[in-house]
Protein chains: 2
Amino acid sequence: MCMEPIEIFKALSNESRLHILHWLKEPEKHFAPHEGIDMRNIGVCVGQVTEKLKMTQSTASQYLSILQRAGLLKTERIGKYTYYKRNEETIREIGAFFNNEI
Amino acid sequence: MCMEPIEIFKALSNESRLHILHWLKEPEKHFAPHEGIDMRNIGVCVGQVTEKLKMTQSTASQYLSILQRAGLLKTERIGKYTYYKRNEETIREIGAFFNNEI
DNA sequence: TTGACATATCGATAATTTGCGATATTATAA
DNA sequence: TTATAATATCGCAAATTATCGATATGTCAA
């Protein structure tokens, strides 16, 4: 529980990053299958997000990194791919912060 | 329901503005009485927030305005004072957005 | 080992935000 | 009407963010 609300709100202050978080809620609805990976459990890779965002690989990678540093995403490297999925724990925590502090 | 999530998250991405919102949750706990005004119903004036923030009047006024434009505060002018209080409706809405979209 | 990908990071420029002082506006009281 | 107090707005310099292209790093296959 080392959540940084300001960091989190900054991460959420961007349409592309909000989209990523939303897409990852139901990944199989928004991304094509990839390498037989179970998207729900493992996540989606940077390339999939890059394509969906229609932005450069550099930007996609940075956005994912910002969301991860804010605690909103978790990451796992498998082979040459890096998979990102939601960190539901932090998302719950910030929801609670919202109800209690704000 | 013309809530702008990005606008709202930007408004929340600042420690001073988070404080203001928090103080206004229980205003009588954080502000001295003022002109016999019922803080809970009417709000607190710019000068009270300025003093509490320990920042300039200009900055306080701008922060209150940012929160208000985001829909998080409501405002009422009484004589030469402008009072601000929380807009619980938008705050509820953004909480719901949080649960549904994010 | 080398080549080919996938991802991360660096460096840059444009755009936005921060917080201030100075000034304009509004409302009251004399 | 004028002086004064409260608030809003303008214009600024510094800091931060957005987004990119170029490059570095890591990983696998041949």
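Below, read A as the first sequence line, B as the second, and so on, with proteins coming before strands; counting in each chain starts at 1.
Between A/Lys80 atom NZ and D/dA24 atom C1' there is a gap of 17 Å when expressed in whole angstrom units. Computed from coordinates, the A/Glu76 CD to C/dT7 P distance equals 13 Å when rounded to whole Å. If you measure from atom CD of B/Gln68 to atom C1' of D/dT9, you get 14 Å, rounded to the nearest angstrom. With rounding to whole Å, A/Gln62 atom CD is found 16 Å from C/dA6 atom C1'. As rounded to whole Å, 9 Å separates atom P of D/dA6 from atom CD of B/Glu35. We find that CD1 of B/Ile6 is positioned 13 Å from P of C/dT16, with the value rounded to whole Å. Rounding to whole angstrom units, CG of residue B/Leu64 and C1' of D/dA8 are separated by 11 Å. Atom pair A/Phe9:CZ and D/dT17:C1' shows a separation of 18 Å (rounding to whole Å applied).
Using cut-offs of 30° and 60° for the angle between ring planes, the A/His30 and A/Trp23 rings count as tilted.
Between the base of C/dT7 and the side chain of A/Ser58 there is no donor-acceptor pair shorter than 3.5 Å. If you check distances only, the side chain of B/Ser13 never reaches the base of C/dT17 with a donor-acceptor pair under 3.5 Å. A donor-acceptor contact under 3.5 Å links the side chain of A/Gln57 to the base of C/dA8.
A/Thr82 comes within 4.0 angstrom of the backbone, heavy atoms only, and of no base. At a threshold of 4.0 angstrom between heavy atoms, the contacts of A/Tyr84 are confined to the sugar-phosphate backbone, with no base atom among them.
Each of D/dC20, C/dT18, C/dC20 was ranked by its minimum atom distance to the side chain of B/Arg17; first place goes to C/dT18. Between D/dT9, C/dT18, D/dT7, one nucleotide has an atom nearer to the side chain of B/Arg77 than all others, and that is D/dT7. With D/dA18, C/dC20, D/dA6 as the candidates, the nucleotide lying closest to the side chain of B/Tyr81 is D/dA6. Looking at the side chain of A/Lys10, the nearest of the listed nucleotides C/dC10, C/dG21, D/dT16 is D/dT16.
Nearest-nucleotide assignment on DNA chain D puts the 5′-proximal partner with A/Ile66, out of A/Ile78 and A/Ile66.
A heavy-atom distance below 4.5 Å is found between the side chains of B/Leu12 and B/Leu21. The closest side-chain heavy-atom distance from A/Ile37 to A/Tyr81 is not below 4.5 Å. The shortest side-chain heavy-atom distance between B/Phe9 and A/Leu18 falls under the 4.5 Å cut-off.
The side-chain contact (heavy atoms from CB on, under 4.5 Å) test with B/Thr82 is passed by exactly one of B/Val44, B/Thr75, B/Leu64: B/Thr75.
The shortest distance between the side-chain N/O atoms of B/Asn14 and the OP1/OP2 oxygens of C/dT18 is below 4.0 Å. At C/dT7, none of the side-chain N or O atoms of A/Ser61 fall inside 4.0 Å of OP1 or OP2 (strictly under the cut-off).
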